[in-house]
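Chain identifiers are assigned alphabetically (A, B, ...) following the order of the sequence lines, protein sequences preceding nucleic acid strands; residue numbering begins at 1 within each chain. Since this is a predicted model, take the numbers as computed values, not measurements.
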There are 2 protein chains.
Amino acid sequence: MTDMQEKIPSNASFPLNPDKDGRQIRGDRTRQALVESAFEEIYMHGFRAASLNDIIKKAGCTKGSLYHHFADKHALGLAATAEFMGAHIKELWIDPLAETADPLTSIRTIIGHYAFGDVGHDPRLGCPFQNLTQEMAGIDEDFQNYFKNLFEAWRDALVDALKRGERNGTVRKGIDAESVATLIIASHQGVASMIKATQDEGVGHTATSAFFDYLDSLRP
Amino acid sequence: MTDMQEKIPSNASFPLNPDKDGRQIRGDRTRQALVESAFEEIYMHGFRAASLNDIIKKAGCTKGSLYHHFADKHALGLAATAEFMGAHIKELWIDPLAETADPLTSIRTIIGHYAFGDVGHDPRLGCPFQNLTQEMAGIDEDFQNYFKNLFEAWRDALVDALKRGERNGTVRKGIDAESVATLIIASHQGVASMIKATQDEGVGHTATSAFFDYLDSLRP
DNA sequence: TAAACCATACCAACTGGTCGGTTTGTTTAA
DNA sequence: TTAAACAAACCGACCAGTTGGTATGGTTTA
């Protein structure tokens, strides 16, 4: 259950050999189909409301396969979460921030991606991270820990980039990088939340305008 | 079901007559107990996970009473939502903003209440509005409409106050009041969301510091 | 009496999870 | 080169428990 979380991300080399249907890769394919359909069902209905029967239907396998690969629903959900959410935050936030010399511009670009809806998910369905976080926080320790770690990595990437900006003169000196980083994430999450609440993407554009002004206020 | 939404808020004059146990007020009392325990259960477990059996147990009545007063779970949830959430937003935001001459200071005070946890709910359980919004938005039209209206009233109160501040010189002229108001709500919701996600109230204090700086940047 | 109010027993649908058994691919040994 | 032995992968009927909701009859009050 706990080692599941560490085991999942290491499936990078799939498909190994799509032609030969060996025992190993057949199992891997079933498992991958389960994880993918689990993520979709969880994203659309939430973890608790996601039905295992629907998940296996979408994955094209049966209960037996599911419980061969995963101990229980909890382990499946954790696997799906780790595989997709971690990758999303890493690709869209952590990696771009890691080396940028001008963090405020980078952040503006990233937020712009969200505002214009090319981040791979329907904004009206909410941010997957936000959705699951709100549902599972406080009721499941394993999900809780995963969120906490992911959030810390996210915020640390922002803090590092902001401090780098302070040193090279693209960010006003004297700001509290941790505080600003936290507010940036919170604002972003909040906007996603409001878009979902109102089912109106216009809210995102409206808020983004003021958010960009805020970013500018952090310039020297 | 739809008229329920309009019927609920007009119970302002409760209790009517606690001494005389007439038919009318006996029913009102049962109904009120149901609405209250429904709100608590929904707040703690979410709407879908809230069990009607638990609700009637906490309310001290039975299924018969419940389905005498409400058409179904949906109507009960809507009633509880309208009664408690609407009142909360009105008391904490809309009323104080309605007449203030210095909106930025008022907003700072309101956010301060949340940051120091004296708003009547455990921050780690999340904001009730935020919780329900995230769960029900996009899957239930009636809840959706209620959220949309409440959010608009909330934002309008902020916009009016900010424009008033622009006129009387407590707010910098030339800001986009709608945009700023939207970002303020989003930030606040986002912070609540992050506190719940990390189960760490310190996040609120950290983010609030940067948020106060942002408010100051809106001064003349 | 009539109507509002409440209690109990009950229902079909669905939940996550289990289990005995079958299929399939690999390994071993003759 | 076969065939036996083995284990991973898979199947689907089934389980107990819970859900929201209903049917029906009794009680309280105007």
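Side-chain atoms of A/Y43 come within 3.5 Å of backbone atoms of A/G126 as a donor-acceptor pair (strictly under, hydrogens ignored). Side-chain N or O atoms of B/S193 include none that pairs as donor or acceptor with a backbone N or O of B/Q189 at under 3.5 Å.
Across all strands, B/K73 comes closer than 4.0 Å only to sugar-phosphate atoms, never to a base (heavy-atom distances). B/A49 comes within 4.0 angstrom of no nucleic acid atom, judged by non-hydrogen atoms across all strands.
Side-chain nitrogen and oxygen atoms of A/H68 include at least one within less than 4.0 Å of the OP1 or OP2 phosphate oxygen of D/dA9. At C/dC5, none of the side-chain N or O atoms of B/T30 fall inside 4.0 Å of OP1 or OP2 (strictly under the cut-off). An OP1 or OP2 oxygen of D/dC11 is reached within less than 4.0 angstrom by a side-chain nitrogen or oxygen of A/S65. Applying the 4.0 Å criterion to OP1 and OP2 of C/dT15, one finds that A/N53 has a side-chain N or O inside that range. Note on A/H69: every side-chain N or O is 4.0 Å or more away from OP1 and OP2 of D/dA8. Note on B/S51: every side-chain N or O is 4.0 Å or more away from OP1 and OP2 of D/dT18. Of the side-chain N and O atoms in B/T62, none sit less than 4.0 angstrom from OP1 or OP2 of C/dT8.
Considering A/I42, A/L52, A/L78, A/L66 in turn, A/L52 is the only one that fulfils the side-chain contact (heavy atoms from CB on, under 4.5 Å) rule with A/K73.
Counting to the nearest Å, the P atom of C/dT18 and the OH atom of A/Y67 are 7 Å from each other. One interatomic measurement links the two molecules: CZ of B/F70 to P of D/dT22, which rounds to 16 Å at whole-angstrom precision. Going from atom CZ of A/F47 over to atom C1' of C/dG16 covers 10 Å, rounded to whole Å. Atom CG of B/L52 and atom P of D/dG21 are 6 Å apart (whole Å). Nucleotide D/dG20 holds its C1' atom 11 Å from the CD1 atom of B/I56, rounded to whole Å. The separation between A/E41 atom CD and C/dT15 atom P is 11 Å, rounded to whole Å. Residue B/L34 contributes atom CG, which lies 10 Å from atom P of C/dA7 at whole-angstrom precision. Summarising the geometry, the separation between CG on A/L66 and C1' on C/dT15 is reported as 14 Å, rounded to the nearest angstrom.
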- Message: I'd like to know whether A/V191 forms a side-chain contact (heavy atoms from CB on, under 4.5 Å) with A/H188, so could you lay out the CA-CA distance, the side-chain angles of the two residues, the decisive distance to 0.1 Å, and finally the verdict.
- Response: CA-CA 5 Å; A/V191 169; A/H188 171 250; 5.9 Å; no
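Position along DNA chain C of the nearest nucleotide to A/R48 versus B/G64 favours B/G64 as the more 5'-ward residue.
A salt bridge between A/E201 and A/R124 is absent, with no side-chain N of the basic residue lying under 4.0 Å from a carboxylate O of the acidic one.
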